[in-house]
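The structure displayed is predicted, hence computed values, not measured ones. Remember, it's 1-based here, ligands and their atoms both numbered in the order they're listed.
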Amino acid sequence: MTDPADLPLERKAMLLSGQDFWSTPAVEEAGLPSVVLTDGPHGVRRQADDFDRIGLLQSLPATCFPPAVAVGSSWDPDVAERVGAAVGREARALGVPVVLGPGVNIKRSPLCGRNFEYYSEDPLLTGVLGAAHVPGQQAQGVGASVKHFAANNQETQRMQVSADVDERSLREIYLPAFERIVTSARPATVMCAYNRVNGVYASQDRWLLTEVLREQWGFEGVVVSDWGAVDDRVAALAAGLDLQMPGDSGAGNRRVVEAVRAGDLDEALVDRSARRVAALADLVAEPTDGFDADAHHTLARELAAQCAVLLRNDGAVLPLAPGTRVAVVGEFARTPRYQGGGSSHVNATRVDDALTALRAALPALSFAPGFSLDGSGDAAALREEAVAAAGDAEVAVVFAGLAEDDESEGFDRTTLDLPAVQVELIRAVARAAPRTVVVLSSGGVVSLEGWHDDVDAVLAGFLLGQAGGSALADLLTGAVSPSGRLAESIPLRLEDTPSFLTFPGEQGHVRYGEGVMVGYRHHCTVGRPVRYPFGHGLGYTTVETSGLRVAVTGDDAASVSVTVTNTGERAGRHVVQVYVATTAGPVRRPARELRAFTKVPLEPGESRTVELALDRRAFAHWDVRESGWVVAPGQYTVQVCANAAEVLAEERVTLTGDTVVPELTLGSSVAEWFEHPVVGPQLLEGFLAALPDGAAEMHAGMLQMIGSMPMRRFAADFGAAIPPAELDRLVAVARAARAG
Ligand code: BGC
């Protein structure tokens with residue numbers, strides 16, 4: 001392969017954008033083939049023919065694995081890794097060298113229309129799952145594209161809106177998943193977001209694409225634009241965006257060439273990006289000989305069953321015992337909702353519905369659709385029919401949820417409520433049936449208010465992929481025990497969600513005013529009750545937690561050891577969740593934050609001791625003054641929790657932390673001067689010596705009064721006490737202490 005930098009300028013500039021909607025141009029003289037990049041992430045959406053068209057509708061059949069909302073609820077990197085690997089195998093068979101995913105944006109609001117494509121409201125859970133999906137896929141020789149970088153947390157105005165986020169929130173909430181994946185899994189590409197971040201298009205944000213991504217995290221792959229995210233091609237290239245997708249018939253490249261010729265753009269930047277794009281050619285391979293659609297369907301079923309979350313199970317109504325007289329109600333039992341709308345929509349190889357799968361296990365069940373998805377039919381008549389079926393049964397199982405039109409990429413929801421006809425149906429069925437189970441299918445969380453207390457059990461399936469129907473049947477009948485945990489809080493009211501007042505923004509801006517208090521961080525910190533907290537999920541067995549031991553392992557890290565025992569009669573999988581709580585440091589900390597987790601299989605009676613490591617980052621905050629991660633000296637409580645709201649065991653550790661010698665200027669406050677570890681004592685000594693007899697005792701109260709005054713003003717007004725030359729000397733002392 002010729003070095004693309006040796007090509008004539010026009011030819012190498014060609015490499016910087018797509019030749020059509022889904023591929024880069026081949027450059028024969030450099031030995032470079034065309035590279036196809038297509039969606040992702042939970043199945044391959046390979047357009048069948050003409051790459052010049054958007055092709056949202058026709059794509060080659062591929063397995064629709066559980067979307068990210070489900071994988072998030074599995075809390076299991078093994079599930080994410082196996083989805084990635086299977087998608088990679090299918091991509092190889094379909095001739096796709098780069099699959100666009102995973103999506104690792106944080107669920108800032110439950111209303112985001114694309115939450116089905118994201119894992120969680122928590123950055124650690126998101127990052128661990130994404131960092132498992134990527135190697136799974138890339139081990140098959142198929143590049144990943146981690147997206148959408150960054151702060152793409154809504155669909156409203158997604159191509160223009162400025163996400164106005166402070167740096168601490170970016171570093172602690174919105175960037176860590178990208179950081180973990182980039183630093184641990186080396187994705188082939190990162191896709192920049194459509195939106196602006198603090199006023200600058202992500203596609204043109206040098207801080208994001210170059211300083212953070214490459215210089216701080218060491219990313220060496222290709223930065224690709226989201227489809228149509230480039231506003232100013234030359235500015236984007238200068239900021240660090242390598243590949244513009246889709247192609248724009250060469251217009252952007254011509255501008256790049258002109259800018260180089262005019263001396264406005266360094267040709268070295270073209271060379272660098274061309275080399276990076278050229279390196280994607282290594283991923284191009286002869287398509288493999290198809291994929292095993294049956295095996296992948298079976299895998300999709302197995303994985304889906306690890307994802308659903310059992311929220312409630314009063315009186316152990318689930319699992320349904322063989323021979324139970326069951327009435328299945330709800331159109332979703334027959335016409336499953338299993339994936340989201342938009343660019344990730346997969347042409348599934350086949351689709352299982354729960355009704356057929358349940359019939360196989362419970363042949364005598366009755367069925368009534370209860371409501372129609374297109375609004376046709378008489379709602380009252382459909383409800384009455386369902387109520388009659390429920391009245392004849394021992395247990396009614398209602399399949400409710402959101403229809404495809406209710407949520408999708410491209411728009412946000414405006415309510416958390418289920419459609420009113422479904423709420424009425426659930427309530428009517430619950431009145432008629434001795435016991436009622438609700439199974440939910442939706443890409444984002446829905447409100448359970450208005451009907452939750454009427455029913456005995458709730459199984460949240462979210463969207464489970466093409467085998468979701470049979471997986472739900474496996475869970476309902478007890479062939480598999482539920483083991484999912486909520487990856488996002490289910491609030492009592494939309495008004496309780498931390499972004500309520502600012503989502504989705506106004507007049508082109510969305511202000512992330514809640515800062516780091518996203519999801520459970522907010523609910524736990526303000527003590528606001530939720531319907532079900534982050535991390536909640538039941539199984540068909542009971543698990544006890546004991547023997548928590550936390551040891552500081554030097555350098556502000558700790559190890560956690562805890563024993564979990566299956567005290568019930570069924571096998572199950574249990575998620576050990578470790579949170580850290582602290583008030584240490586100069587910033588407001590969330591009441592607790594998830595810092596480690598693992599999912600363990602447990603046979604009845606089995607005990608396992610798990611060891612989890614907490615590195616220094618688990619205790620650190622992003623310090624805007626230090627522009628870095630700082631562990632504040634102080635106490636940290638390590639908590640093993642059933643979920644974000646329920647602590648099972650805790651232990652406190654004291655960490656030495658970082659010694660921060662803060663910067664001191666004449667603009668720093670008097671309090672900052674006196675609290676400075678090196679300058680403070682010297683200053684106090686001189687200050688007290690200069691005070692008249694008897695005044696020294698007053699200094700504490702006085703300090704409080706004048707503490708917030710900038711030293712320059714204090715020194716001018718009370719200058720007799722601190723001569724300017726002394727201040728200059730102390731500034732130098734502070735600078736030397738900070739440097740050394
Ligand atoms: C989406 C991306 C997707 C791309 C290509 C965009 O609209 O935001 O996630 O990969 O289209 O389909």
**Message:** Is it the case that the ring center of Y194 lies less than 6.0 angstrom away from the ring center of H148?
**Reply:**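 No, ring centres 6.0 Å or more apart.
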**Asked** Looking at W207 versus F149, is the centre-to-centre ring distance below 6.0 Å?
**Response**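 Ring-ring flag for W207/F149: false, centres at least 6.0 Å apart.
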**Item:** Sequence-distant partners of E121, salt bridge (Lys or Arg N to Asp or Glu O under 4.0 Å), two or more places apart
**Value:**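 Listed in chain order: nothing, the list is empty.
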**Item:** Contacts of type side chain to side chain donor-acceptor pair (under 3.5 Å), residue E407, not counting sequence neighbours
**Value:**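 If we apply the side chain to side chain donor-acceptor pair (under 3.5 Å) test to E407, skipping adjacent residues, the hits are R337.
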**Asked** Among all residues two or more places apart in sequence or in another chain, which pass the side chain to side chain contact (heavy atoms under 4.5 Å, CB included) test with A305?
**Response**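 Partners of A305 under the side chain to side chain contact (heavy atoms under 4.5 Å, CB included) test: A471, L475, V480.
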**Request:** For ligand 1, would you mind listing the residues that have at least one heavy atom less than 4.0 Å away, ordered by chain and number?
**Result:**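 Contacting ligand 1 under 4.0 Å are W22, D39, R45, L100, R114, K147, H148, R158, M191, Y194, D226, W227, S343, E409.
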**From CA spacing to verdict: salt bridge (Lys or Arg N to Asp or Glu O under 4.0 Å), D39, K147** = CA-CA 11 Å; D39 295 295; K147 63 191 190 181; 3.3 Å; yes
